Each structure stands twice: as structure tokens, then as C-alpha cells.
Amino acid sequence: MNGTHTEPPTSNAPPGPTRPEFWRSPLRGPWLTSVLGLVLLVGIAVLFATGLLSYAAYNPDLAEVNDKTPDKGLLGHYLFDWPTRPYWLYRLTQGVHVTLGVTLVPVLLAKLWSVIPKLFTWPPVRSLGHALERISLLLLVGGALFEFVTGVFNVQLNYVFPGSFYPLHFYGAWVFIAAFLAHTALKTPTAWRTLRRRGLREELRTPLSETRPEPADETGLVSPRPDPPTMSRRGALGLVAAGSLTLLGTTVGQSLGGPLRDTALFAPRGQRVGSGPNGFQVNTTATAAGVRESDIGPEWRLTLRRDDQEVVLTLEELLELPRHTVELPIACVEGWSTSDQRWSGVPLSDLAELVGPVDRPVDALVNSVQSSGAFRSAALRENQVRDPRSLLATHVNGAELSPDHGYPARVIVPAAPGVLNTKWVTRITFTETE
Amino acid sequence: MTNDTATSRGGRVRAVIDPSPARLVVLALSFGVVLYAGPRLLGDDALGTAVWFLGAAVVHDLVLLPGYTLADRGLRALGGRRAGGPPTWINFVRVPVFLSGLLLLVWFPLILRRVDHYETTTGLSGDVYLGRWLVVTAVLVVASALWFAATRWYRRARR
């Protein structure tokens with residue numbers, strides 16, 4: 001089922017990269033490609049799984065306001081109610097997703113380097129099946145780069161893509177994974193054979209002086225006229241590993257927080273936000289979100305609605321209600337998170353009761369005063385509303401919320417992605433579920 | 001004889017379509033998913049998205065990869081190892097360039113200050129990244145040079 005052929009004589013190939021002797025590296029060959037491929041297989045499986053979890057965390061099937069990909073159709077079939085336990089769930093899954101994505105960049109580049117002669121296969125098309133496989137490979141390479149580039153750009157707030165990040169990254173992931181699974185199915189037999197022939201341990205013991213080109217085989221990767229090696233294969237793998245470790249070490253700090261945040265030299269949230277009770281990462285500042293001082297001043301009111309019942313509270317009235325205190329982090333889709341902060345406010349379920357007795361579970365639609373931002377309205381599911389740790393918080397770490405952190409009131413829900421913890425809340429509409 | 005003609009004709013047809021029918025099945029399943037998600041991916045700006053998707057492969061395969069390959073060939077021409085000779089200094093150049101270049105490749109929007117709204121959105125300073133990258137690059141270069149000097153000293157000391 002591997003679909004490869006013995007390479008035909010290349011005397012008819014035009015001069016240039018379509019001739020195998022154009023490629024001079026003595027390290028290139030099925031072994032190196034198989035090792036890198038195996039690493040990517042595991043890594044991309046974890047990336048895809050954490051990516052699907054991140055998509056589910058937004059509860060896109062709950063309400064239109066949460067759904068940035070309304071035409072998902074069958075691709076949303078697996079969606080489930082995002083839980084509130086453990087409270088650090090999204091912090092873990094999304095921290096892994098972004099950090100692993102960045103860490104795998106050198107592995108991806110090395111893999112593409114190791115198979116570049118195949119881009120110039122001659123003749124370009126041997127059969128219909130071969131042509132289809134080449135199209136699939138174009139989708140694989142384009143898809144991998146598209147996913148990595150959109151992801152890495154998005155975490156740096158570099159919104160240069162042709163549309164909104166959410167649909168591009170979500171649908172791009174499906175196109176990529178389709179090509180990836182086909183490639184894995186077609187190449188696993190070759191990779192398995194190759195790795196069994198010469199194991200990792202053996203190659204890791206081989207120094208530069210004993211580094212030899214691999215035996216020529218049907219994969220077409222081995223150069224017929226290799227240069228003398230200047231680096232052993234273990235050296236090349238070591239270089240890739242060093243690249244991954246460098247990226248990992250300078251990125252993971254933005255997810256772990258605490259004193260380690262300072263190690264995240266290049267990650268977008270590796271800097272401290274000053275000290276004091278409001279001294280933790282801000283997703284979007286009040287200015288950037290289009291919040292005017294008059295919106296959050298003494299004129300601010302909290303409107304609670306259910307069916308046709310409405311209750312309007314001033315800030316003073318809100319502060320008089322019975323309060324809870326919880327310790328919860330903020331975790332953003334961009335992969336960064338804060339450590340647990342101590343939030344104090346009124347539980348959402350209590351606010352629902354304020355409008356009238358609650359017989360059946362209620363969802364909540366939360367509206368913010370912010371004038372820009374894709375999630376100025378966000379929906380919360382009944383399990384999130386019901387959780388006693390889900391608050392409309394007015395204070396954090398013993399002090400009033402700063403304007404950047406959502407003064408006068410913001411939502412905080414355990415395990416929810418950052419954008420669903422709406423800031424500068426002005427209205428909450430409760431709806432009974434079926 | 002008749003059998004031979006039939007087999008060879010079937011064989012030729014098979015060679016044109018696909019010598020490996022299993023491959024066709026795998027690809028058919030894969031393309032099924034692609035055809036479902038693809039139009040959704042293309043969305044409103046179909047041309048722009050297609051340019052990005054296919055362009056990513058083109059930019060990598062025909063610009064980035066040839067770029068660093070040529071740079072490496074230049075490096076090897078300057079100080080590459082002759083067959084059977086001792087290793088030269090070129091790895092002491094490759095390693096810091098690779099690590100520094102990798103950081104730049106991943107974080108260039110922040111390092112080169114290309115994200116206008118970064119500061120207003122996050123409340124953090126956008127100026128620190130270029131300095132940090134230059135310092136890290138300098139540290140890598142100095143460390144590599146020291147290591148190279150140490151290996152040369154060690155080799156001389158052993159003789």
C-alpha cells in the first residue's frame with residue numbers, strides 16, 4: 001500500500017532540481033525523514049486534539065454570538081458541553097496547544113527540508129493515483145504552513161490574514177488533517193520498515209566520522225552524489241531539538257506564569273503588568289475595546305432580564321448582595337494565562353434568582369459596554385451559570401477591578417476561555433433551557 | 001497468448017490509473033473531507049485564502065528553503081570539510097545562526113515592530129523584543145566562539 005515505485009532513469013529529466021544528483025546532502029534519506037515524521041505524527045495529533053478542545057470550549061453550538069463558524073455542519077458534530085471542572089482545564093489545553101505549536105516549528109521545517117527533492121519528482125505525473133497523491137501533498141504542505149503561520153501570527157496579534165482567524169484556522173485544520181491522515185496512511189509502511197532496519201539508538205551513537213549516506217532505495221530521497229558530511233545525523237537531530245528547546249524555553253513561561261513568566265523572552269505575554277492587585281495580564285485594554293469613561297461611570301447600570309421580567313441595579317445595589325470569593329485564572333486562546341487570582345462578587349445563579357425563582361436550568365447571554373471586539377456579547381451554558389464559582393466579579397485580589405480588567409463588573413467562569421469572561425458587563429439575559 | 005494480451009492491457013490500464021488501488025481509496029476518503037471543509041475555508045475571500053494556502057507552500061519551497069540552502073552552500077564553500085579531513089568551524093557558525101534565525105522567523109512581527117496595535121491592546125511595551133533578540137543573538141555568537149576556541153585549545157593541548 002505504499003504506492004512508491006523504483007525511480008525511472010532520469011536521463012530525460014531537464015538539468016536542475018529534477019535530477020537527483022542536484023541534491024547533495026549526505027544526511028537526506030528515509031531514516032531522517034521517518035524520525036522527523038514520527039515526531040510530527042505525535043505532535044500534530046496532540047495539536048489537533050487540543051485544537052478541537054479549544055473550539056468546543058467556546059460552546060459555538062450554544063448561541064450565534066459564540067459561533068464564529070456558523071457553517072461548520074458535520075465538523076461540529078463532536079461538540080459537547082464544555083465543563084467547569086477542573087477550573088484550569090482551558091489553561092492546560094490551550095497552553096499546550098500554543099506552546100507545542102511554536103515548539104514544533106523547527107521539526108516541521110526540518111521535515112520539509114528532508115523531503116524537498118520530492119517536490120521536483122520527474123516525471124511530474126506517473127499515473128492518476130500519483131497525480132492525486134501529489135495534490136494531496138500540496139494540501140499537506142500548504143495546510144501545515146497555513147495552520148502554523150495563522151496560529152503564530154494570531155498569538156502575536158498580527159492580524160494580516162485574509163479574513164477572521166477563527167474560520168481560517170478551524171477549516172484550515174480540517175483540510176490539513178485530511179491530507180495529513182492520508183499521508184500517514186500511505187507512508188507508515190515505508191517509515192516502519194526504515195526504522196526497523198536502523199534504529200534510533202544506533203544512529204545516535206554514530207559520530208560524524210562514521211556518518212555515511214543511506215543506501216539508495218525507492219524513496220528517491222538519497223543523493224546519488226552526496227557531499228562529504230559536515231554534521232552527523234545525530235548532530236542534525238540535535239540541532240532541531242535545540243531549536244525546539246529554545247522556542248519552548250522562551251515561550252512556556254507565558255502559560256506557567258509566576259516567576260517563570262520572565263523566561264518567556266519572545267512570547268507576547270512574557271512581560272509583567274506592574275504590581276498590585278490588578279497587576280496581571282490584560283487581554284484587551286479598555287481603550288482598545290472602545291470603552292468610554294461615561295459607560296463605566298456613575299451612570300452605569302446592571303440590567304438583569306428573564307422572559308419579560310427585568311431588574312436594574314446600580315453599582316451600590318450590586319455590592320450589597322451576598323458575595324462569594326473564588327480563586328480562578330484567566331486563560332486566553334492565544335495560549336497565555338495568568339495564575340489564580342482571587343475574585344470577589346455575586347454568583348451568576350444568585351443573579352438569575354433575583355429576577356424570579358429558577359425552576360429549570362438557565363443559560364445566560366452577557367452583554368458588555370465595549371463597542372468593539374468579536375465577543376462583546378457572549379453566551380454561557382447552564383452548567384457554567386449554575387456553578388457556584390461562576391461570578392459577576394467586582395473585586396480582584398482585595399481591590400476594585402481596574403478599568404482594564406473590566407470595572408465595574410466582569411464575569412469570571414471556571415475553565416472558560418478568556419473571551420467568555422466578559423468585561424464591563426452591562427446586561428445579563430437569562431433564558432430557561434428546554 | 002490471448003491471456004498475455006489481456007493481462008498486459010489490464011496492466012497498462014492499471015499503470016495509468018494507479019498501480020496501487022489502495023492508495024486511491026485512501027486519497028478518495030481524504031479528498032472527501034477536503035471538499036467538505038475546503039469551500040468553508042475559502043469563505044468570503046476565496047482568492048486571498050487560496051493565495052495564502054498555496055502561497056505558504058510556494059514561499060517556503062521556492063524562497064525560504066533555497067535561500068538558506070544557498071547560504072549554507074556558501075558557508076561550506078568557505079570552510080567545508082574535505083572528505084576524510086577534520087571538522088571545521090562551520091558548525092560553530094551554523095548553530096547560532098540557526099537558533100537566532102529560528103527565533104526571528106517565529107517572532108518577527110513583534111521583533112520588527114510590525115504589530116501597530118500591540119501596545120494599546122495589551123498594555124505592554126512593544127519595544128523590548130528587538131533588543132532581546134539582539135542580546136540573545138550576541139550571547140549565542142559569543143558562546144559559540146568561546147566553545148570553538150575551547151575545542152581548538154583542547155586539540156592543541158592534546159598534541
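This one's a predicted model, so the numbers in the text were calculated from it and none came from an experiment. Per chain, numbering begins at 1; letters A, B, ... match sequence-line order.
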Check whether any side-chain heavy atom of [X] lies under 4.5 Å from a side-chain heavy atom of [Y], and answer yes or no.
{"X": "B:Val26", "Y": "A:Glu133", "value": "no"}
{"X": "A:Trp174", "Y": "B:Leu41", "value": "no"}
{"X": "A:Ser127", "Y": "B:Arg23", "value": "yes"}

Worksheet entry | Listed partners of A:Lys72 passing salt bridge (charged side-chain N to carboxylate O under 4.0 Å, His left out), at least two apart | A:Asp67
[X] versus chain A, heavy atoms under 4.5 Å apart: side chain, backbone, both or neither?
{"X": "B:Phe31", "value": "side chain"}
{"X": "B:Leu99", "value": "side chain"}
{"X": "B:Leu42", "value": "neither"}

Fill in: Inter- and intrachain pairs under salt bridge (charged side-chain N to carboxylate O under 4.0 Å, His left out), touching residues 25-46 of chain B, at least two apart
none
Who among [options] has the most heavy-atom pairs with chain B under 4.5 Å?
{"options": "A:Thr284, A:Val141, A:Asp404, A:Val273", "answer": "A:Thr284"}
{"options": "A:Leu132, A:Leu138, A:Val282", "answer": "A:Leu132"}
{"options": "A:Leu181, A:Leu109, A:Leu112", "answer": "A:Leu112"}
{"options": "A:Thr250, A:Thr246, A:Leu128, A:Asp227", "answer": "A:Leu128"}
{"options": "A:Ile177, A:Val149, A:Leu119, A:Thr287", "answer": "A:Leu119"}
{"options": "A:Ala182, A:Pro268, A:Ala144", "answer": "A:Pro268"}

Fill in: Any side-chain donor near an acceptor of the partner, A:Thr230 and B:Arg94, under 3.5 Å
yes
Discussion item. Does A:Met231 form a side-chain contact (heavy atoms from CB on, under 4.5 Å) with B:Ile90? I'd like the steps, not just the answer.
Written reply: CA-CA 10 Å; A:Met231 190 183 285; B:Ile90 69 170; over 6 Å; no
Practice prompt. Determine, step by step, whether B:Trp107 and A:Thr251 satisfy the side-chain contact (heavy atoms from CB on, under 4.5 Å) criterion, reporting the C-alpha distance in whole Å, the side-chain angles of both residues, the deciding distance to 0.1 Å, and the verdict.
Written response: CA-CA 11 Å; B:Trp107 302 116; A:Thr251 306; 3.6 Å; yes
Worksheet item: Once the angle between the rings of B:Trp52 and A:Phe153 is folded into 0 to 90°, is it parallel (under 30°), tilted (30 to 60°) or perpendicular (over 60°)?
Response: perpendicular
Fill in: Part of A:Val102 within contact of chain B (heavy atom distance under 4.5 Å)
side chain
Discussion item. As a quick check of understanding, evaluate side-chain contact (heavy atoms from CB on, under 4.5 Å) for A:Leu239 and B:Asn91, giving each step before the final call.
Written reply: CA-CA 10 Å; A:Leu239 187 60; B:Asn91 285 337; over 6 Å; no
Discussion item. Could you go through B:Thr122 and A:Thr285, starting from their C-alpha distance and side-chain angles, then the distance that decides it, and tell me whether this counts as side-chain contact (heavy atoms from CB on, under 4.5 Å)?
Written reply: CA-CA 6 Å; B:Thr122 64; A:Thr285 58; over 6 Å; no
